[in-house]
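Structure, as structure tokens:
Only a predicted model underlies this, so the values are computations on that prediction, with no experimental measurement involved.
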Amino acid sequence: MMANQIRGGNVLNGETGCFECIDIELENGIIKEMGCLSAQSNVFDADGLYVIPGFIDTHIHGSMGGEFASESESFDKVRKWFASKGITAFAPTIRCLEPEGIIKAEQNIVRESKKKVSGAKIYGIHIEGPYVSQEYRGVMNPPKIEASAEMFERFYAASDGLLKIMTLAPERENAAKIVERAVKLGVNISLGHTGATYEQSMSAIEAGASRATHVFDAMRPFHHREVGILGAVLTDGRVNCEMICDFVHLSPQTVQLVYKLKGCGGITLISDAGFMSGLGDGEYFVSGNKRIVKDGVCRSEEGKIAGSCVSVLEGAKNLLSLGVPLEEISVMASLNPAKALGIEKITGVIKPGCCADLIICDQNLNIKAVFIDGERCA
């Protein structure tokens, strides 16, 4: 359904950062006007509800059986499911593979991004690796290859400009060269899966690294005399930290700690969900490796946590349960990821001229409607 107006809602005004009881007029998928408007014929009544920007997930490997590291899969089903969870845009994330596998997955994502689907939009690619630490690889299997700026440029070329984020361990050889080249091409380097010291981490940050991949997870632990990677990313204002808020990867107290240290402006809410997300408990296989989902938690056969089984929506609700204001959750789940993908001028915020990518929900983040490019998708 195309609505001409959304009326009477508590709208998170992107100009002020505050909720205001105003109307929104939509035209051709764009927010045309906001304020106290004369009623149109085709109206969505949002009286008593909240209107916030659609969520954007910049670290997600798949869902509903869809696998973003695939060479040939269609993502149509996944994109529609994302819309039902308030995700209006995302960056398919490719796990550690051999270089040719990464390139083939990128090419498939590029093809899928050009399809018109009634669901979440693809605005970028996140490659999680392959230049990460073997010691802190988590459940990934990084290839034993040299980290090189030349291979990074091959990854970029294969992405048709969609490569926006790449996870890198700063202790890897040639890390500074890769960071510098990435920054010039507009790719955000995210430090992760790493055993880096504080000095190694700061060297990468000085070179232009601007993010931290799922902070605390798959990272050298904090020590009060050698604070390592965590001491760098949690105290440097230039770094935006990804955070998985399923209360499995991080305890509620750790989530509160990161929030107090970084504030909403320094955090990006992610899911890190795999293809098991949305399928329920059971046994699944990723590249021949068994994954066991029990009570909504995914683990390897060895018992290691293997990605999340929840969407950004559940993480946002968990933040809400900790008392984080909805307007700050929106910064973490919409505006900051939009900035990471370089799309903050067109989405991730509610302003005239931006895409009409909107969630309409109650005060507990129970979704009542989702609009993508002005069309109701959920």
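Contacts classified as salt bridge (Lys or Arg N to Asp or Glu O under 4.0 Å) and involving residues 196-215 (residues at least two apart or in different chains) are given here: Glu206-Arg238.
Following chains of ILVMFWY side-chain contacts shorter than 4.5 Å, one cannot reach Ile244 starting from Val233, and the two form parts of different hydrophobic clusters. One hydrophobic cluster, built from ILVMFWY side chains closer than 4.5 Å, cannot hold both Val11 and Tyr50; they sit in different ones. When hydrophobic clusters are built by joining Ile, Leu, Val, Met, Phe, Trp and Tyr residues whose side-chain heavy atoms come closer than 4.5 Å, directly or via intermediates, Leu230 is not grouped with Tyr136.
Using a 4.5 Å cut-off on side-chain heavy atoms (C-beta onward), Val248 and Ile305 make contact. Between Phe152 and Val187 there is a side-chain heavy-atom pair separated by less than 4.5 Å. For the pair Asn289/Asn141, a side-chain contact is recorded, criterion being any heavy-atom separation below 4.5 Å from C-beta on. Ile31 places none of its side-chain heavy atoms less than 4.5 Å from the side chain of Lys351. Looking at Leu234 and Phe216, their side chains come closer than 4.5 Å, going by heavy atoms from C-beta outward. You'll find the side chain of Val78 stays beyond 4.5 Å of the side chain of Glu73, heavy atoms only. Side-chain contact between Glu171 and Glu173 is absent, with no heavy-atom pair separated by less than 4.5 Å. The side-chain heavy atoms of Met64 and Lys80, taken from C-beta on, include no pair separated by under 4.5 Å.
One finds no salt bridge joining Asp281 and Lys294 here, because no Lys/Arg side-chain nitrogen approaches an Asp/Glu carboxylate oxygen to under 4.0 Å. Ion pairing between Glu67 and Arg95 holds under the 4.0 Å rule for side-chain N and carboxylate O. Under the 4.0 Å criterion applied to side-chain N and carboxylate O atoms, Lys85 and Asp57 are not assigned as salt-bridge partners. A salt bridge links Glu100 to Arg154: one of the charged nitrogens lies within less than 4.0 Å of a carboxylate oxygen. Salt bridge absent: Glu314 and Lys317 never bring a charged side-chain N and a carboxylate O closer than 4.0 Å.
Atom CG in Asp357 sits 11.5 Å away from atom CZ in Phe371 (nearest 0.5 Å). Residue Thr88 holds its OG1 atom at 8.5 Å from OH of Tyr123, rounded to the nearest 0.5 Å. The CD1 atom of Ile165 sits 7.0 Å away from atom OG of Ser190, with the distance rounded to the nearest 0.5 Å. Considering NZ of Lys121 and NZ of Lys116, their distance stands at 8.0 Å, rounded to 0.5 Å. Separation of atoms CD1 (Ile360) and CD1 (Ile367) is listed at 10.5 Å; rounding is to 0.5 Å. One distance of note links CD1 of Ile52 with CG of Leu12; it measures 7.5 Å at 0.5 Å rounding.
Using a distance-only test at 3.5 Å, with no hydrogens or angles considered, a donor-acceptor pair links the side chain of Lys262 to the main chain of Val239. With Gln5 contributing its side chain and Gln40 its backbone, the two residues share a donor-acceptor pair below 3.5 Å. The main-chain N or O of Ser148 is never found under 3.5 Å from a side-chain atom of Asn174 such that the two would form a donor-acceptor pair. Between the Asp23 side chain and the Leu37 main chain, a donor and an acceptor come within less than 3.5 Å of each other. Side-chain N or O atoms of Asn13 include one that pairs as donor or acceptor with a backbone N or O of Glu15 at under 3.5 Å. Judged by distance alone, the side chain of Glu327 and the main-chain N or O of Phe19 form no donor-acceptor pair under 3.5 Å. Checked by atom type and distance alone, the side chain of His61 pairs as donor or acceptor with a backbone atom of Thr93 at under 3.5 Å. No donor-acceptor pair under 3.5 Å is formed between the side chain of His126 and the backbone N or O of His59. Of the possible donor and acceptor atoms, none in the side chain of Asn28 sits under 3.5 Å from a partner among the backbone N and O of Ile30. Although no hydrogens or angles enter the test, the distance criterion places no donor-acceptor pair under 3.5 Å between the side chain of Arg172 and the main chain of Ala175.
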Which is it for Leu191 and Met219 under the side chain to side chain contact (heavy atoms under 4.5 Å, CB included) test, yes or no, and what are the steps along the way? CA-CA 9 Å; Leu191 306 180; Met219 286 183 171; 5.6 Å; no
Stepwise, does the side chain to side chain contact (heavy atoms under 4.5 Å, CB included) test hold for Leu322 with Tyr259? CA-CA 10 Å; Leu322 296 177; Tyr259 173 63; over 6 Å; no
Under the criterion side chain to side chain contact (heavy atoms under 4.5 Å, CB included), I'd like the reasoning laid out for Ile122 against Phe90: C-alpha separation, chi angles, the key distance, then a yes or no. CA-CA 5 Å; Ile122 296 172; Phe90 67 109; 3.4 Å; yes
Pair Phe75-Ile109, side chain to side chain contact (heavy atoms under 4.5 Å, CB included): steps then yes or no: CA-CA 9 Å; Phe75 304 152; Ile109 293 168; 4.0 Å; yes
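No side-chain N or O of Thr197 forms a donor-acceptor pair with one of Glu226 less than 3.5 Å apart. Side chain to side chain, Glu135 and Ser133 fail the donor-acceptor criterion of an N or O pair below 3.5 Å.
Surrounding NZ of Lys345 are at most 12 heavy atoms belonging to other residues, nucleotides or ligands under 6.0 Å away.
Here the closest non-hydrogen pair linking Ser308 and Ser277 is O-CB, 4.4 Å.
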